[in-house]
Amino acid sequence: MKWTFIVICAGLGACAGQTAVHRGMTEGEVAERNRVPDRVIMRTCGTETPKPFPCKVFVYEGGLRNGVYAPGQSIIFEDVRGQWVVSQWL
């Protein structure tokens, strides 16, 4: 069932109303290609590791977008030499 959703979602290109987000993209690149996030959260990531670090999370809520249900998505950025870049997405 999961694979069916992924194939349908990828085929429609409408997952969370987002275009492809790749690790290493800057905050500006993500902002240019995606809608405005529903929330932006500043927090400390990696608290269970020896080296926690500040991170920024763009939260996109799920919902109906252009007649298609889009699941929620979160994009996590970390500060790399003074620039926020994508480290992962959930």
Side-chain angles (χ1 to χ4, degrees):
M1 186 64 164
K2 230 177 193 178
W3 281 105
T4 303
F5 174 74
I6 291 169
V7 171
I8 291 170
C9 189
L12 295 173
C15 300
Q18 309 300 306
T19 56
V21 174
H22 303 284
R23 186 180 175 122
M25 287 178 71
T26 66
E27 179 181 12
E29 290 170 330
V30 172
E32 285 176 5
R33 293 174 172 88
N34 296 286
R35 65 183 173 87
V36 175
D38 295 300
R39 290 180 289 140
V40 176
I41 301 168
M42 296 296 297
R43 63 181 321 172
T44 301
C45 291
T47 56
E48 295 181 18
T49 69
K51 292 187 176 183
F53 58 94
C55 62
K56 184 184 290 192
V57 183
F58 280 15
V59 179
Y60 297 92
E61 302 293 338
L64 200 58
R65 308 242 188 272
N66 300 323
V68 177
Y69 178 75
Q73 178 181 26
S74 295
I75 302 172
I76 295 110
F77 297 86
E78 63 180 276
D79 187 349
V80 176
R81 294 183 296 280
Q83 188 169 44
W84 291 102
V85 297
V86 174
S87 65
Q88 62 180 312
W89 53 97
L90 310 169

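Below, all heavy atoms of this structure are taken into account, side chains as well, without hydrogens, waters or symmetry copies.
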Under 4.5 Å between any side-chain heavy atoms of [X] and [Y], yes or no?
X: Arg23; Y: Gln88; result: no
X: Val85; Y: Met25; result: no
X: Ile75; Y: Tyr60; result: yes
X: Cys45; Y: Ile76; result: yes
X: Pro52; Y: Thr44; result: yes

Quick one: [atom1] on [X] to [atom2] on [Y], what's the gap to the nearest 0.5 Å?
X: Lys56; Y: Phe77; atom1: NZ; atom2: CZ; result: 7.5 Å
X: Asn34; Y: Phe58; atom1: CG; atom2: CZ; result: 9.0 Å
X: Thr26; Y: Glu32; atom1: OG1; atom2: CD; result: 7.0 Å

Locate the shortest heavy-atom distance separating [X] from [Y]; write the atom from each residue and the value.
X: Ser74; Y: Val57; result: CB-CG1, 3.9 Å
X: Phe53; Y: Glu78; result: CE1-CB, 3.8 Å
X: Gly82; Y: Asp79; result: N-OD1, 2.9 Å
X: His22; Y: Trp89; result: C-CZ3, 4.0 Å

When you group the ILVMFWY residues by side-chain heavy-atom contacts below 4.5 Å and let the links chain together, are Val21 and Val40 in the same group?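 Yes, Val40 and Val21 fall within the same hydrophobic cluster.
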
Linking I/L/V/M/F/W/Y whenever any side-chain heavy atoms sit under 4.5 Å apart, do Val30 and Met42 land together?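 Linked, Val30 and Met42 end up in one cluster.
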
Is the shortest distance from a Lys or Arg side-chain nitrogen in Glu61 or Arg39 to a carboxylate oxygen in the other one below 4.0 Å?
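So Glu61 pairs with Arg39 through a salt bridge.
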
